[in-house]
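Below: the structure, in structure tokens.
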Protein chains: 2
Amino acid sequence: MKSSLTLEHQICFQLYTASKELTRLYRPILAPLNLTYSQYLVMLVLWEEDHIDLKQLGERLTLDSGTLSPLVKRLMQLDYVEKVRATDDERRVLLSLTPSGRALREQAEEVPLKVSGMLNIDEATYVAYMEMLIDIKARLRAFGEREE
Amino acid sequence: MKSSLTLEHQICFQLYTASKELTRLYRPILAPLNLTYSQYLVMLVLWEEDHIDLKQLGERLTLDSGTLSPLVKRLMQLDYVEKVRATDDERRVLLSLTPSGRALREQAEEVPLKVSGMLNIDEATYVAYMEMLIDIKARLRAFGEREE
DNA sequence: GGCAATTAAGTTGTGCACAATCTAATTATA
DNA sequence: TATAATTAGATTGTGCACAACTTAATTGCC
């Protein structure tokens with residue numbers, strides 16, 4: 001197994017920089033929507049499933065309350081989302097789209113198209129890359145479960 | 001091209017979570033060395049090339065001085081590195097390993113082995129995945145250069 | 001040689017990311 | 001049915017990551 005202690009031979013380094021550079025690509029695309037990359041991910045979830053509770057949202061994004069609480073606060077200041085306490089269980093907080101938040105979806109529709117264009121990648125390659133990343137995560141989780 | 005506005009279909013999301021989860025895996029492995037993941041990357045570079053200047057270091061890691069300055073300050077507090085101003089160009093600062101920093105390399109040797117074991121991945125797949133990630137970065141840079 | 005433009009680091013401010021801790025609501029159980 | 005354990009969310013503190021700005025050294029150009 002590749003064990004040489006060299007930066008470029010570490011898969012972690014390649015993942016880390018690829019992720020950072022892709023995020024950098026999003027920045028100017030998301031700027032007109034007044035969203036950071038993480039905020040965009042939250043909006044993606046809400047456009048898919050409105051009135052989701054913070055717990056589930058955190059699980060889908062692998063983010064804990066220490067990250068989500070202030071992030072959601074900023075989305076509220078932008079008037080894109082609102083919090084409603086669940087009636088059946090007063091601990092839960094449901095996150096909902098405001099009319100502005102719902103309307104933003106239309107502008108966001110073109111984000112993936114722009115990114116694909118920038119990556120200049122064909123469908124088959126795109127799918128292969130997605131599968132690789134999903135496989136890496138599966139291996140990480142498999143280990144996590146062995147350990148738990 | 002995949003343009004559906006769904007979280008799981010975005011390559012950016014898969015990259016982002018894969019990177020985060022892999023970094024999470026490193027945390028307990030690096031804890032005994034008193035290093036965060038980013039600090040570990042800096043040490044990797046130094047073990048490869050001692051007396052590197054901050055500018056070059058930043059280029060290799062895609063990090064700017066705003067990130068590196070405080071990070072290096074913490075590595076100095078740990079007595080792993082020291083800064084020396086270059087004599088030929090007083091603007092440049094060379095980063096060097098202290099004896100402790102050099103000694104740490106031995107403990108770090110086993111880090112990639114542990115990670116490989118956790119990922120439970122064979123050499124061929126590992127190499128294929130590395131190449132995909134490098135290709136993604138190449139596409140991102142190709143776009144960057146078209147735009148510049 | 002003198003001065004504008006450039007360059008390397010550092011600083012400040014904002015926003016993640018996460019561990020650890022706290023509070024309040026709910027569930028389990030003695 | 002009290003009370004202990006668990007759960008959801010918020011808060012605090014540390015450390016990235018990066019944009020924008022500052023300072024000091026160097027280079028370019030006249």
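Naming convention: chains lettered A, B, ... in sequence-line order (proteins, then strands); numbering from 1 in each chain. Nothing here was measured: the structure is a model prediction, and the numbers come from that model.
Mapping Arg85(B) and Thr36(A) onto DNA chain C by nearest heavy atom places Arg85(B) at the nucleotide closer to the 5' end. Heavy-atom nearest nucleotides on DNA chain D were determined for Asp88(B) and for Gln56(A), and the one closer to the 5' end corresponds to Gln56(A). Annotation: of the two residues near DNA chain D, Asp53(A) and Arg27(A), the 5′-most nearest-nucleotide partner is Asp53(A).
Comparing dT11(D), dT26(C), dC18(D) by their closest approach to the side chain of Ser65(A) singles out dT11(D). Looking at the side chain of Glu90(A), the nearest of the listed nucleotides dT26(C), dG9(D), dC16(C) is dT26(C). Considering only the side chain of Arg74(B), dC16(D) comes nearest among dT26(D), dC16(D), dT26(C). Residue Leu54(A) places its side chain closer to dG9(D) than to any other of dG10(C), dC18(C), dG9(D). Side-chain proximity of Asp64(A) to the nucleotides dA25(D), dA9(C), dC18(C) is greatest for dC18(C). Side-chain proximity of Arg91(B) to dG9(D), dT26(D), dT26(C): nearest is dT26(D). Considering only side-chain atoms of Lys20(B), the nucleotide from dT26(C), dA17(D), dC18(C) that sits closest is dC18(C). When each of dA8(D), dG9(D), dA8(C) is scored by its nearest atom to the side-chain atoms of Arg92(B), the top-ranked nucleotide is dA8(C).
When the side-chain nitrogen and oxygen atoms of Lys83(B) are compared with OP1 and OP2 of dG10(C), one or more of them lie within a distance under 4.0 Å. Checking the phosphate oxygens (OP1, OP2) of dA17(D), a side-chain nitrogen or oxygen of Tyr16(A) falls inside 4.0 Å. Considering only side-chain N and O atoms, Ser69(B) lies under 4.0 angstrom from the phosphate OP1 or OP2 of dG10(C). Phosphate proximity of dT11(D) to Lys73(A): present, with a side-chain N or O under 4.0 Å from OP1 or OP2.
Linking ILVMFWY side-chain heavy atoms closer than 4.5 Å, directly or via other members, places Leu33(B) and Leu75(B) in a single hydrophobic cluster. No continuous path of ILVMFWY side-chain contacts below 4.5 Å connects Leu94(B) to Met76(B), so the two sit in separate hydrophobic clusters.
Going from atom CG of Asp89(B) over to atom P of dT26(D) covers 5 Å, rounded to whole Å. Nucleotide dC16(D) holds its P atom 22 Å from the OH atom of Tyr37(A), rounded to whole Å. Straight-line distance from the CG atom of Leu57(B) to the C1' atom of dA9(C): 13 Å, rounded to whole Å. Going from atom CD of Glu59(A) over to atom C1' of dT7(D) covers 12 Å, rounded to whole Å. Nucleotide dG9(D) holds its C1' atom 16 Å from the CG atom of Leu61(A), rounded to whole Å. Atom P of nucleotide dA17(C) and atom CD of Gln39(A) are separated by 10 Å, given to the nearest angstrom. Atoms CG (Leu68(B)) and P (dA17(D)) sit 9 Å apart, rounded to a whole Å. Atom C1' of nucleotide dC16(C) and atom CG of Leu30(A) are separated by 14 Å, given to the nearest angstrom.
The shortest distance between side-chain heavy atoms of Thr62(A) and Arg24(B) falls below 4.5 Å.
Electrostatic pairing of Lys55(A) and Asp53(A) does not count as a salt bridge here, judged by no charged N lying under 4.0 Å from a carboxylate O.
At a threshold of 4.0 angstrom between heavy atoms, the contacts of Ser38(A) are confined to the sugar-phosphate backbone, with no base atom among them. Ser19(B) comes within 4.0 angstrom of no nucleic acid atom, judged by non-hydrogen atoms across all strands. Leu71(A) comes within 4.0 angstrom of sugar-phosphate atoms only, judged by non-hydrogen atoms across all strands, and of no base.
Using cut-offs of 30° and 60° on the angle between ring planes, the pair Tyr26(B) and Tyr40(B) is tilted.
When all heavy atoms of Leu5(B) and Ala108(A) are compared, the pair lying nearest together is CD1-O, 3.7 Å.
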